[in-house]
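Following: one structure in structure tokens, then a few remarks.
Predicted model, so just to flag it, every value in this text is computed and none were measured. Residue indices begin at 1 and follow the sequence shown.
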Amino acid sequence: MKKKTLKIIALITAFILIVGLSWFANALLGNPISKMLATNTAKKHLAETYPDTDYYIERIAFNFKSTNYYAHIKSPTSIDTEFTLYISMLGELTLDTYDDVVNGFNTARRVDTEYRELVDTIFEHPNFPYSGRIGYGTLEIYPDEFIGNEENDEFPSYSIAQSSLELDKIYDIRELGRQAGHIIIYVEGDTVSIEKTAEMMLDIKSYFDDANIPFVAMDFTLQYMKSEDGSRPDEEVHVKDFPYEDIYPEGMLDRVFEADKSLTEYYNKLDAEKFNEPEF
């Protein structure tokens with residue numbers, strides 16, 4: 001009788017373990033039936049919504065965080081046509097990101113990546129003399145509703161409207177950099193001062209000029225290097241959206257001083273407003 005009871009307990013335990021493992025695998029990796037449903041939904045959606053196109057399913061994968069499948073769609077004849085279909089485990093289409101194709105987002109992302117790679121040829125060159133934790137370039141391109149608003153200073157005045165970009169157009173990246181290029185760099189050093197900041201900014205500009213990589217503005221922060229315990233002195237000099245045309249020797253110290261002072265006052269104001277926010 002005891003052996004029979006033990007067998008029953010063992011079978012129940014094994015069943016629970018199998019169910020648990022199956023549930024875990026389903027949550028982490030999905031399952032063949034759900035993937036088949038997702039595949040069929042993706043194929044049907046492409047046929048019905050985008051007939052007479054060359055769009056194809058590049059891959060279908062499972063996202064364990066959302067427990068949904070996604071179908072990545074591409075076109076062999078359009079560099080900017082790629083979007084994603086999000087599909088539930090029951091085969092229900094929950095989201096189609098094709099708007100990213102028609103609203104210029106994909107084109108903006110492509111040219112921004114090309115500009116960043118162009119800037120990286122300077123920042124990642126072994127002869128570039130400055131080290132820091134951040135250094136990159138970006139093109140300031142935003143949806144129309146985010147730019148041209150004088151009350152919103154979050155987006156630079158030189159930003160390009162996303163809708164002005166043409167699908168699949170091969171752009172002159174240097175020309176886009178001349179219109180909307182933004183350089184962001186944090187440099188670490190033993191000396192942090194207005195004089196050192198001005199000197200470094202002038203030198204960095206010369207690297208860009210020599211490489212014929214245009215930009216409109218520079219964010220520059222000079223910080224002390226970290227000590228062995230990982231700490232860093234608070235003192236720093238920082239400027240934001242410092243115009244390219246203002247980076248020249250005559251009067252540079254005054255311009256950097258005023259820009260650093262203005263940015264510090266701005267950050268202090270934000271901190272004060274945050275501190276004084278009412279608690280609910």
Centroid separation Phe128 to Phe123 less than 6.0 Å | yes
Can you see which heavy atom on Phe242 is nearest to which on Met252, and at what distance?
-> CE2-CE, 4.0 Å
Any donor-acceptor N/O pair, Thr94 side chain to Ser88 backbone, under 3.5 Å = no
Test side-chain contact (heavy atoms from CB on, under 4.5 Å) on Val239 and Arg255 and set out the steps.
-> CA-CA 10 Å; Val239 300; Arg255 290 190 294 277; over 6 Å; no
When you measure from the side chain of Asp168 to the backbone N and O of Ile79, does any donor-acceptor pair fall under 3.5 Å?
-> yes
Ser75 (side chain) donor-acceptor with Asp54 (main chain) under 3.5 angstrom | no
Test ring-ring contact (aromatic ring centres under 6.0 Å, His included) on Tyr130 and Tyr186 and set out the steps.
-> CA-CA 9 Å; Tyr130 304 112; Tyr186 283 62; over 10 Å; no
Any donor and acceptor pair, going by atom type alone, linking the side chain of Thr121 with main-chain N or O of Leu118 inside 3.5 Å?
-> yes
Between Asp260 and His238, is there a donor-acceptor pair closer than 3.5 Å when you use the side chain of the first and the backbone of the second?
-> yes
Any side-chain donor paired with an acceptor under 3.5 Å for Asn127 and Tyr207?
-> no
Check whether the side chains of Tyr142 and Glu140 place a donor and an acceptor atom closer than 3.5 Å, and report yes or no.
-> yes
Step-by-step side-chain contact (heavy atoms from CB on, under 4.5 Å) determination, Asp219 to Ile185 | CA-CA 6 Å; Asp219 288 7; Ile185 180 168; over 6 Å; no
Side chains of Arg178 and Tyr244: do they bring a donor and an acceptor to under 3.5 Å?
-> no
Say whether, by atom type as modelled, one donor and one acceptor occur between the side chain of Gln162 and the main chain of Asn103 under 3.5 angstrom.
-> yes
How would you list all residue pairs meeting side chain to side chain donor-acceptor pair (under 3.5 Å) that involve residues 104-118, not counting sequence neighbours?
-> Asp80-Thr107, Asp80-Arg110, Asn106-Arg109, Asp112-Thr138
For Ala161, all residues meeting side chain to side chain contact (heavy atoms under 4.5 Å, CB included), sequence neighbours excluded = Asp144, Ile147, Ser163, Ser164
Ignoring hydrogens and angles, tell me if any N or O in the side chain of Thr81 forms a donor-acceptor pair with the backbone of Ser78 under 3.5 Å.
-> no
Indicate the ring-plane relationship of Tyr86 and Tyr70, choosing parallel, tilted or perpendicular according to the 30° and 60° boundaries.
-> tilted
Can Ile160 and Leu139 be said to form a side-chain contact (heavy atoms from CB on, under 4.5 Å), step by step?
-> CA-CA 8 Å; Ile160 294 175; Leu139 294 173; over 6 Å; no
Step through the shown structure and confirm whether more than 12 heavy atoms of other residues, nucleotides or ligands are within 6.0 Å of CD1 on Ile33.
-> no
